[in-house]
Amino acid sequence: MSELYTARAPGRVNLIGEHTDYNGGMVLPAALTVGLEATLMPRADTTVAVSSNGYDAPAIRNLADDAVGDWADPCVGAIREANALGLLKGGATIDIVSTIPEGSGLSSSAALIVAVLKAAREAVVEGPGDIEIAIAARRVENNYMGVPCGIMDQMAVALATPGTAMALDTKAMAYGVVPLPANHEMVVVHSGLTRKLTDGRYAARKEECDAAKRHFGTEDLCLLDLATVEASDLDEVPKKRALHCLTENARVHAAIAALDGGHIERFGQAMNASHASMRDLFEMSLPEIDALVASAVELGAVGARLTGGGFGGCIVACVEKDLREEWLEALLSRHPRARFIDAVGG
Ligand code: GLA
């Protein structure tokens, strides 16, 4: 009988720094308590058989299959990558137990790929490190699933430690640990609107950023200077995207300094300004989400914003611990489609 290997990966919430991770900038994700566990049994044939608590019937696929746009794609891609890394020689039977809602901007797909790769790593004596696992997981998204995402989600779910945020410089691939505030919580609330990174809107934003990159002759929109972008004759849409990237990157730096210095109000202001930029410059929000964010702040959050790839999913709000219950009750009664997902703090 083959061995069973198990690994866990958390969901993540990005506190600030959206769409900066493929534009040379900073991000500030934190691990959630919701997460998933993958149990893997290597197989001698090329079948990839996946069962999950989220789906009634198992998916039976083959290593040679292309992505078909369904829930098992991340697993097939991960097993192909595990073979390329020399961790497995063939298919696998995989069982997934997850508490991360899909289509919510909480990295369910990155967590799935990272957990499967980490489980496969258990099959060898000396496997790749966590950063290498994160990079391999991004390859699965980019090359197998066709999602042109950055490296934030994979790094966060492969490396983030609970109770802290990860200040990740995606250009240098260097990161530091930022403790979360002791008296506040980062509360994740689902808007009730789901989305998929594969639905084309993420790729459309990436292409608009690419147009701005070509115009300025750089890969790093986040590092451009405000005056240069404002004075340029770049078309309006890519110009707005570039302006979001460079101002968002500055906000991530401000947010990290605010958390380090214990200035929670400043942290909240950076979150609010980030939401306005996502709404007006990157145009990745929806009216229902804007309303949810506005209510979150009106009801007492020090800051709130859409989190993740956009066009649906979750908001994250920074709320005083003692106020959380009352705040949440008021928010959910005003927005009946919204639901509480998780809360993390220091
Ligand atoms: C998704 C992607 C990330 C990042 C965010 C937006 O989560 O997977 O790489 O680009 O959207 O910040």
Side-chain angles (χ1 to χ4, degrees), residues 9-32 73-74 77 100-114 134-160 165-171 173 175 188 190 194-210 213 219-222 241-242 244-249 251-252 255 270-271 274-275 277-279 281-286 289 305-316 341:
R12 69 96 188 90
V13 58
N14 189 23
L15 303 181
I16 192 161
E18 229 63 79
H19 290 266
T20 46
D21 70 340
Y22 54 90
N23 289 303
M26 299 283 302
V27 291
L28 191 64
L32 291 172
D73 283 351
I100 312 173
E102 289 184 17
S104 308
L106 303 178
S107 296
S108 57
S109 160
L112 186 50
I113 297 167
V114 165
I135 293 170
R138 183 187 181 190
R139 278 199 297 269
V140 174
E141 299 264 10
N142 290 173
N143 305 339
Y144 182 70
M145 295 172 59
V147 176
C149 64
I151 191 68
M152 165 171 71
D153 302 350
Q154 296 75 19
M155 283 293 283
V157 305
L159 287 120
M166 175 190 233
L168 172 65
D169 178 334
T170 63
K171 183 173 165 64
M173 279 295 274
Y175 67 93
V188 181
H190 201 296
T194 54
R195 52 108 217 171
K196 269 188 158 184
L197 287 186
T198 44
D199 79 0
R201 285 179 288 187
Y202 186 93
R205 289 294 175 278
K206 168 91 176 23
E207 277 161 25
E208 291 155 2
C209 289
D210 286 345
K213 288 182 186 183
E219 277 300 304
D220 307 323
L221 295 183
C222 290
R241 309 303 185 241
H244 164 78
C245 290
L246 73 94
T247 57
E248 182 77 350
N249 194 48
R251 283 185 291 270
V252 181
M271 290 180 97
S274 168
H275 186 77
S277 180
M278 290 190 285
R279 181 191 62 210
L281 294 176
F282 216 74
E283 297 176 287
M284 57 185 276
S285 189
L286 297 170
I289 292 182
R305 58 187 291 282
L306 166 64
T307 183
F311 309 104
C314 292
I315 69 160
V316 56
I341 300 289

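Both counts, for ligands and for their atoms, begin at 1 and track the order of listing.
In terms of polar-atom proximity, defined here as any N/O pair under 3.5 Å, G150 does make such a contact with ligand 1. The distance criterion of under 3.5 Å between nitrogen or oxygen atoms is met by R12 with respect to ligand 1. Among the atoms of E18, some N or O lies under 3.5 angstrom from an N or O of ligand 1. Geometrically, ligand 1 and T20 share no nitrogen or oxygen pair separated by less than 3.5 Å.
Residue-ligand proximity, C149 to ligand 1, at heavy-atom distances under 4.0 Å covers atoms 2 (C), 8 (O), 9 (O). Each of the atoms 1 (C), 2 (C), 3 (C), 4 (C), 9 (O), 10 (O), 11 (O) of ligand 1 lies under 4.0 Å from some heavy atom of Y202. For ligand 1, the atoms lying closer than 4.0 Å to a non-hydrogen atom of Y22 are 10 (O). Numbered from 1 in the order shown, with element, the atoms of ligand 1 that lie under 4.0 Å from a heavy atom of M152 read 4 (C), 5 (C), 12 (O).
Side chains of D153 and R12 form a contact here, defined as non-hydrogen atoms less than 4.5 Å apart. In this structure the side chain of N14 reaches within 4.5 angstrom of the side chain of V27, judged on heavy atoms.
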Inset, instruction - For side-chain contact (heavy atoms from CB on, under 4.5 Å), just list the numbers for K213 and L221, CA-CA rounded to whole Å, side-chain angles, deciding distance to a tenth of an Å, and then say yes or no. - result: CA-CA 6 Å; K213 288 182 186 183; L221 295 183; 3.8 Å; yes
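Heavy atoms only, all atoms of each residue included: A9 and V114 are closest at CB-CG1, 4.3 Å.
R139 and N143 are not linked by any side-chain donor-acceptor pair at a separation below 3.5 angstrom, with hydrogens and angles left out of the test. Side-chain contact of S274 with E18: a donor-acceptor pair under 3.5 Å is absent, judged by distance alone.
Summarising the contacts of atom 9 (O) of ligand 1 with D21, L306, V27, the nearest heavy atom is found in D21.
When each of R205, R241, H244 is paired with E283, the side chain to side chain donor-acceptor pair (under 3.5 Å) condition holds for R241 and for no other.
For M155, the closest heavy-atom approach to ligand 1 does not fall below 4.0 Å.
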